[in-house]
Amino acid sequence: QVQLQESGPGLVKPSETLSLTCAVSSYSISSGYYWGWVRQPPGKGLEWIATIYHTGNTYYNPSLRSRVTISVDTSENQFSLKLSSVTAADTAVYYCARGTMIRGFDYWGQGTLVTVSS
Amino acid sequence: QSALTQPPSVSGSPGQSVTISCTGTSSDVGNYNRVSWYQQPPGTAPKLMISEVSNRPSGVPDRFSGSKSGNTASLTISGLQAEDEGDYYCSSYTSSSTVVFGGGTKLTVL
């Protein structure tokens, strides 16, 4: 059973950079699949942030592209998200997930709440 | 990119069928058979229920089915059960090589 676990600070100050890591177990990232981040503001819907292929090809939500970086570390079997210049609007539960651009995300982490506040 | 359009809420009694629609454009839903549906009970991560318009992943009951016509995809749940309550989201691959989600639909089992 593939497992994903998000980690990172639960509180980030406005204008700073949000950094999250997703550790993957029971599956080697270098074996394939795409790996992505999805967020959900409190009480609102899902928003796709970015996806990366194990070879390093990246895909970004156009509305967040200028602030987002997704990367993969196959040696540690994990991938990461950086979101710069955060504001209160970036407060959300952030999920990492495995999937493909065609067939959707089949495995998800439990999600981690990140609050942007001074 | 604009979010796909879903009804805010639907409801049905146990045993009945309900259908949730997901309307996009010719740049996403209408141009690709790459629509997925997710179920999200309160306080939990989304679960993939349907991929590529109508394919059910292993373990998903056959009460769940998907279809598409033009720019609108649909999820039908037949033989409604109390455990089906929650939020449902559609998503689609787009012509810009991105992914877009719908706004979500709250399913209430009466």
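Each chain gets a letter, A, B and so on, in the order the sequences are listed, and its residues count up from 1.
Separation of atoms OH (A:Tyr59) and OG1 (B:Thr94) is listed at 11.5 Å; rounding is to 0.5 Å. To the nearest 0.5 angstrom, B:Glu52 atom CD is 7.0 Å from A:Thr100 atom OG1.
Heavy atoms of A:Tyr60 lying under 4.5 Å from chain B belong exclusively to its backbone.
At least one side-chain heavy atom of B:Tyr89 sits less than 4.5 Å from a side-chain heavy atom of A:Gln40. Looking only at side-chain heavy atoms (C-beta outward), B:Pro46 and A:Tyr95 come within less than 4.5 Å of each other. B:Thr98 places a side-chain heavy atom less than 4.5 Å from the side chain of A:Pro62.
With hydrophobic clusters built from ILVMFWY side chains whose heavy atoms lie under 4.5 angstrom apart, B:Phe64 shares a cluster with B:Val109. When hydrophobic clusters are built by joining Ile, Leu, Val, Met, Phe, Trp and Tyr residues whose side-chain heavy atoms come closer than 4.5 Å, directly or via intermediates, B:Leu48 is not grouped with B:Leu107. No path of Ile, Leu, Val, Met, Phe, Trp and Tyr side chains, each step under 4.5 Å between heavy atoms, connects A:Tyr53 with A:Ile29, placing them in separate hydrophobic clusters. Residues A:Trp48 and A:Leu83 do not share a hydrophobic cluster, clusters being chains of Ile/Leu/Val/Met/Phe/Trp/Tyr side chains in contact below 4.5 Å. If you chain together hydrophobic residues whose side chains sit under 4.5 Å apart, A:Val86 and A:Val93 never meet in one group.
When B:Arg34, B:Gln40, B:Lys47 are compared by the number of non-hydrogen pairs under 4.5 Å with chain A, B:Arg34 comes out ahead. With chain A as partner, the option from B:Ser96, B:Gly103, B:Pro57, B:Ser97 having the largest number of non-hydrogen pairs under 4.5 angstrom is B:Ser97. Of the listed residues (A:Val38, A:Ile102, A:Asp106, A:Thr51), the one with the most heavy-atom contacts under 4.5 Å to chain B is A:Ile102.
Counting only distance, with no hydrogens or angles, the side chain of B:Tyr38 and the backbone of A:Gly104 share no donor-acceptor pair below 3.5 Å.
Residue B:Arg63 qualifies as enclosed at atom CZ: its count of foreign heavy atoms under 6.0 Å is above 12.
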